[in-house]
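Taking it in order: structure first as structure tokens, then the write-up.
Quick note: numbers below take in every heavy atom, side chains included, and nothing from hydrogens, waters or symmetry partners. Sequence lines set the chain letters: A, B, ... in the order given, protein chains first and strands last, and positions in each chain run from 1.
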Amino acid sequence: MAGGAGAAPMRNHGMDALRLTFERQLKEALPGVEITLERPKSGELGDLAFPCFRAAKQLGKNPVQLSQELAAAIRVEGATLVAAGPYLNLKLAPETRAQAVLGAILAAPSGRPYGARPAQGKKVIVEYSSPNIAKLFTIGHLRSTMIGHALAQTHRFLGYDVVRLNHLGDWGTQFGTLLAAYTRWAEAENPELQRDFDWAEPAPEKRRTPLFRLFQLYVRFHAEEEQDPAMRDEARAWFKRLEDNDPKARALWKRFRDLSLAEFQRIYDRLGVGFDTLEQGEAFYEDRLAATLKRLEDAGLLVEGDKGARIVNLEDVGIATPCLVQKADGTSIYATRDLAAALYRQEAYAFDRCLYVVGTDQVLHFQQIFAVLDKLDPWFKGRMVHTPFGMVKLPEGKMSTRKGNVIFLEDVLDEARERVAAIIEEKNPELKDRAGVAEMLGMGAVVFFDAMNDRVKPITFTWDRVIALDGDTGPYVQYAHARIMSVLRKAGGDWAAKAQAGRADGPFLPFAGSKVPADLAGLEAPEAQGLLFELAGFPGSVGAVVDGCMATPLARQLVGLARSFSGFYTNCPILAPENPPEVREARLALCVATARVLRQGLFLMGIQAPEEM
RNA sequence: GGUCCCGUAGCUCAGCGGAUAGAGCGACCGCCUCCUAAGCGGUAGGUCGUGGGUUCAAUUCCCGCCGGGACCA
């Protein structure tokens with residue numbers, strides 16, 4: 001039995017049921033007209049809106065007049081119909097709204113977590129993060145990693161079967177560079193990379209690691225290569241040795257890869273990000289390259305380009321630049337590996353969609369890859385999606401690992417943590433788990449910032465922007481959650497427990513079902529109603545994340561929710577002694593529902609919600 | 001030179017066919033004897049780059065131009 005024992009007329013109806021009733025009524029009143037409902041801009045207008053423009057045109061009527069006629073003709077139990085200009089708005093009675101929203105969140109009458117959907121029977125691959133071996137994580141890598149994580153989580157939340165892949169850059173000409181640099185400057189006197197190089201600036205204290213020294217070798221090689229072009233051939237030769245399975249090259253490759261993976265894993269753990277496998281990086285496809293080229297050849301797509309390079313022409317599909325699949329020296333290129341990867345995934349996963357969370361600088365690359373795949377097998381048409389994101393730049397220009405002018409991700413996370421710690425010291429020095437909370441909020445700030453700005457536009461990195469802690473930020477949302485938890489603790493009983501979840505398996509926070517209070521009259525205040533309206537927007541925002549392949553709608557929704565809660569919190573006392581018990585209980589239930597949605601929403605984005613801060 | 005992306009408040013950005021264009025930061029003015037002021041309320045600030053077109057309706061779609069960026073050669 002869901003929905004509590006109250007006498008509210010719609011007690012077993014969630015928002016979905018109300019929507020269906022409204023739609024049915026509209027269909028009856030307007031036979032032959034396609035009905036599409038919208039969510040009004042604000043809860044004061046109503047809960048559902050029917051824009052009358054199209055229907056009015058079809059019927060040769062004035063939309064304002066039609067909306068008035070419909071308002072008079074249609075009845076939905078527990079709601080009033082308001083003609084607002086050309087819109088027909090369905091506005092729930094305060095108690096009905098409270099019952100519908102709280103029922104869906106607390107009691108989950110459908111048996112599913114609020115906002116989640118049943119299994120779709122569709123498989124989605126999300127390829128994200130994909131760092132290059134022997135390079136350190138920069139702030140730039142955060143975008144792919146966290147956007148991908150949020151996409152994987154929300155897709156699972158909405159019932160898709162998700163495969164999370166990391167196309168590690170563990171192959172390619174940059175390995176030639178690394179191998180050449182290592183044999184030149186490290187092999188003899190510093191083979192284990194245990195000491196700082198005397199020719200390099202000493203590594204910063206917290207980065208005295210072999211991986212950082214590998215990175216230094218890489219940077220030095222590129223610097224010197226500018227003066228001495230012959231070095232480029234040296235690097236190329238090393239990569240050729242690697243591709244030809246030279247034992248020494250292979251052994252070093254494996255060492256560098258292991259070194260990097262250990263470092264990456266540490267960062268993924270810190271970010272709370274995971275993959276279904278880390279074994280399908282670029283190198284994984286190495287022995288499938290020949291077959292891929294053969295397949296292109298058999299399909300008659302392979303053409304001889306300049307100086308013996310091999311290309312696929314794409315002019316006939318509107319792409320002027322041919323796709324280069326093999327260089328003149330016979331070595332492979334990353335396009336070949338992406339093609340091999342797609343063919344492998346077709347076979348291994350039979351996916352419905354494959355999302356590539358890769359920067360905008362790769363748009364042409366993916367256009368080419370997808371076009372080649374379409375030619376090879378029409379099966380691929382429409383399944384391949386590049387989700388590009390804007391590059392992170394510095395005020396002085398592009399970041400470049402080669403040139404060494406980069407912002408390392410860990411420096412940003414550390415700085416964020418320290419700034420938060422300073423604020424805790426000032427505002428709440430008695431806080432229990434100060435270090436843990438500082439980390440949680442610092443991460444929240446950085447990750448949330450990225451989601452708020454998720455767009456194709458490039459981001460210019462400045463410390464104060466990325467680690468902002470007031471206003472529309474992660475910590476603002478986290479603060480709302482902490483305040484709720486504080487109220488719930490003070491309320492006693494098992495109130496706090498109702499907003500807490502056990503360990504999450506996958507994207508779902510396992511909240512226990514809980515009853516909706518019978519009397520919800522304590523939620524009639526406009527601030528409480530506004531908060532309910534925001535809560536009702538959560539499922540739509542998660543859907544928008546999947547539709548638009550970006551976390552932005554969810555992040556914005558959570559800010560709106562937190563803001564709405566603040567309004568409720570300042571205007572509607574929850575624990576005031578003069579509150580009648582039923583008012584107190586109704587408001588506490590609203591707090592629990594809000595905490596759950598905030599916590600679940602943040603969790604989908606890879607951010608934790610603090611109990612106090 | 002070609003292709004693609006972006007021009008919305010002083011700054012950073014939402015909105016992307018429809019209801020008076022929204023936030024945050026910064027500025028200014030208020031609010032802690034009361035559930036965490038990392039908060040809340042208010043004021044100021046916009047010819048949505050520009051010129052055309054499509055539409056009952058354009059910040060939103062199409063074309064040209066100007067400005068910024070990316071990729072390819």
Problem set entry | P atoms of B/rU43 and B/rG49, separation to the nearest Å | 26 Å
For this session: Take the angle between the ring planes of A/Phe461 and A/Trp463 and call it parallel below 30°, perpendicular above 60°, tilted in between.
Result: perpendicular
For this session: Look through every strand shown and name the nucleotide pairing with B/rA19 as Watson-Crick or G-U wobble, where both distances are under 3.5 Å.
Result: none
Problem set entry | Integer angstrom distance from the P of B/rA73 to that of B/rG15 | 33 Å
Exercise. Any donor-acceptor pair under 3.5 Å joining the side chain of A/Asp472 to the base of B/rA14?
Worked result: no
For this session: For A/Cys572, report the nucleic acid contact type (base, sugar-phosphate, nothing); a contact means any heavy atom under 4.0 Å.
Result: base
For this session: Report yes or no: does A/Asn89 contribute a side-chain atom to a donor-acceptor pair with the main-chain N or O of A/Lys91 at less than 3.5 Å?
Result: no
Seminar exercise, completed: Judged by nearest nucleotide, the residue sitting upstream toward the 5' end of RNA chain B, A/Tyr569 or A/Gly318, is A/Gly318
Exercise. Using a cut-off of 4.0 Å on non-hydrogen atoms, how would the nucleic acid contact of A/Ile424 be classed: base, sugar-phosphate, or nothing?
Worked result: base
Exercise. Do the ring centers of A/Phe370 and A/His386 come within less than 6.0 Å of each other?
Worked result: no
Exercise. Could you state the NZ-P distance from A/Lys457 to B/rC5, rounded to the nearest angstrom?
Worked result: 14 Å
Exercise. With both distances under 3.5 angstrom, what nucleotide forms a Watson-Crick or G-U wobble pair with B/rC11?
Worked result: B/rG24
For this session: Could you check which of B/rC16, B/rA38, B/rU36 has an atom nearest any side-chain atom of A/Lys427?
Result: B/rA38
Exercise. B/rC13 phosphate, OP1 or OP2: any side-chain N/O from A/Arg465 under 4.0 angstrom?
Worked result: yes
Exercise. To the side chain of A/Asn89, which of B/rA19, B/rC13, B/rC35 is closest?
Worked result: B/rA19
Exercise. Just checking A/Ala480: base, sugar-phosphate only, or nothing, at a heavy-atom cut-off of under 4.0 Å?
Worked result: nothing
Exercise. Just how far, in rounded Å, is P of B/rG39 from CD of A/Gln478?
Worked result: 12 Å
Exercise. Under 4.0 angstrom, heavy atoms only, what part of the nucleic acid is A/Arg563 near: base, sugar-phosphate, or nothing?
Worked result: sugar-phosphate
For this session: Respond yes when some side-chain nitrogen or oxygen of A/Ser566 is under 4.0 Å from OP1 or OP2 of B/rC40, and no when none is.
Result: yes
Exercise. Using a cut-off of 4.0 Å on non-hydrogen atoms, how would the nucleic acid contact of A/Ala482 be classed: base, sugar-phosphate, or nothing?
Worked result: base
For this session: Tell me what A/Glu612 touches on the nucleic acid: a base, only sugar-phosphate, or nothing, going by heavy atoms under 4.0 Å.
Result: base
Problem set entry | B/rC56 and B/rC61, which share atom name C1', separated by this distance in whole Å | 16 Å
For this session: Using modelled atom types only, decide if a donor and an acceptor are shared between the side chain of A/Ser541 and the backbone of A/Phe538 within a distance under 3.5 Å.
Result: yes
For this session: Identify whether any heavy atom of A/Tyr476 sits under 4.0 Å from a base atom; if not, whether one sits that close to sugar-phosphate; answer base, sugar-phosphate or nothing.
Result: sugar-phosphate
For this session: Look at all strands and tell whether A/Pro40 reaches a base, only sugar-phosphate, or nothing, counting heavy atoms closer than 4.0 Å.
Result: base
Problem set entry | Distance, rounded to the nearest Å, where A/Phe461 contributes CZ and B/rU12 contributes C1' | 15 Å
Exercise. So, do A/Phe53 and B/rA57 meet the stacking rule of ring centres under 5.5 Å and planes under 30°?
Worked result: no
Exercise. For B/rG45, which nucleotide is its Watson-Crick or G-U wobble mate, given both distances must be under 3.5 Å?
Worked result: none
Problem set entry | Distance in angstrom units between A/Asp450 CG and B/rC13 C1', rounded | 14 Å
Exercise. How is A/Pro573 classified with respect to the nucleic acid when contacts are heavy atoms under 4.0 Å: base, sugar-phosphate, or nothing?
Worked result: base
Exercise. When rounded to the nearest Å, what value does the distance between P atoms of B/rG2 and B/rG17 take?
Worked result: 30 Å
Exercise. Quick one: A/Asn453 CG to B/rG15 P, roughly how many Å, whole number?
Worked result: 11 Å
Exercise. B/rU3 pairs with which nucleotide, Watson-Crick or G-U wobble, both distances below 3.5 Å?
Worked result: B/rA70
Exercise. To the nearest Å, how far apart are A/Glu534 CD and B/rA23 P?
Worked result: 12 Å
Exercise. Do A/Arg419 and A/Glu415 meet the salt-bridge criterion of a basic N to acidic O distance under 4.0 Å?
Worked result: yes
Exercise. B/rG39 pairs with which nucleotide, Watson-Crick or G-U wobble, both distances below 3.5 Å?
Worked result: B/rC31
Exercise. Can a side chain N or O of A/Arg483 be found less than 4.0 Å away from OP1 or OP2 on B/rG39?
Worked result: no
For this session: With P as the reference atom in both, quote the distance from B/rU8 to B/rG46 in angstrom, rounded to an integer.
Result: 15 Å
Problem set entry | Nucleotide B/rG24, atom P - distance to CG of A/Asp464 in whole Å | 19 Å
Seminar exercise, completed: To the nearest 0.5 Å, atom CD1 of A/Ile459 lies from atom NZ of A/Lys457 at 10.5 Å
Exercise. When you match A/Thr460 and A/Gly471 each to their closest nucleotide on RNA chain B, which lands nearer the 5' end?
Worked result: A/Thr460
Exercise. Mind checking the C1' distance from B/rG22 to B/rU33? Whole angstroms is fine.
Worked result: 38 Å
Could you pull out every donor-acceptor pair under 3.5 Å between side chains of residues 579-586 of chain A and any protein atom, sequence neighbours left out?
residue: A/Asn579; atom: ND2; partner: A/Pro573; partner atom: O; Å: 3.0
residue: A/Asn579; atom: ND2; partner: A/Ile574; partner atom: O; Å: 3.1
residue: A/Arg584; atom: NH2; partner: A/Ala491; partner atom: O; Å: 3.0

For this session: Select base, sugar-phosphate, or nothing to describe what A/Asn571 touches, counting heavy atoms under 4.0 Å on all strands.
Result: nothing
For this session: For B/rC32, measure the glycosidic angle (O4'-C1'-N9-C4 for a purine, O4'-C1'-N1-C2 for a pyrimidine) and name it syn if it falls within 90° of 0, otherwise anti.
Result: syn
Problem set entry | B/rG26 and B/rC16, which share atom name P, separated by this distance in whole Å | 28 Å
Exercise. Any salt bridge (Lys or Arg N to Asp or Glu O under 4.0 Å) pairs touching residues 354-371 of chain A, not counting sequence neighbours?
Worked result: none
For this session: Any chance you could list the contact pattern along nucleotides 68-73 of chain B? Use B for base contacts, S for sugar-phosphate-only contacts and - for none, protein heavy atoms under 4.0 Å, 5' to 3'.
Result: -SSSS-
Exercise. B/rA9 and B/rA21: how far apart are their C1' atoms, nearest whole angstrom?
Worked result: 11 Å
Seminar exercise, completed: In Watson-Crick or G-U wobble terms, with both distances under 3.5 Å, the base opposite B/rU60 is none
Tabulate below the donor-acceptor pairs under 3.5 Å that side-chain atoms of residues 52-64 of chain A make, not counting sequence neighbours, or state none.
residue: A/Gln58; atom: NE2; partner: A/Gly32; partner atom: O; Å: 3.3
residue: A/Lys61; atom: NZ; partner: A/Glu69; partner atom: OE1; Å: 2.8
residue: A/Asn62; atom: OD1; partner: A/Val64; partner atom: N; Å: 2.8

Exercise. In whole angstroms, how far is the C1' atom of B/rC40 from the CG atom of A/Asp470?
Worked result: 14 Å
For this session: Just grab all the salt bridge (Lys or Arg N to Asp or Glu O under 4.0 Å) pairs involving residues 471-492 of chain A, residues at least two apart or on different chains.
Result: A/Asp472-A/Arg563
For this session: Using distance alone, with no hydrogens and no angle criterion, decide if A/His365 and A/Gln368 have a side-chain donor and acceptor under 3.5 Å apart.
Result: no
Exercise. With sequence neighbours left out, what residues match A/Glu534 under salt bridge (Lys or Arg N to Asp or Glu O under 4.0 Å)?
Worked result: none
For this session: Identify which nucleotide among B/rA38, B/rC35, B/rA19 has an atom closest to any side-chain atom of A/Met613, counting heavy atoms from C-beta outward.
Result: B/rA38
For this session: Please determine if a side-chain N or O atom of A/Arg489 lies less than 4.0 Å away from the OP1 or OP2 oxygen of B/rU36.
Result: no
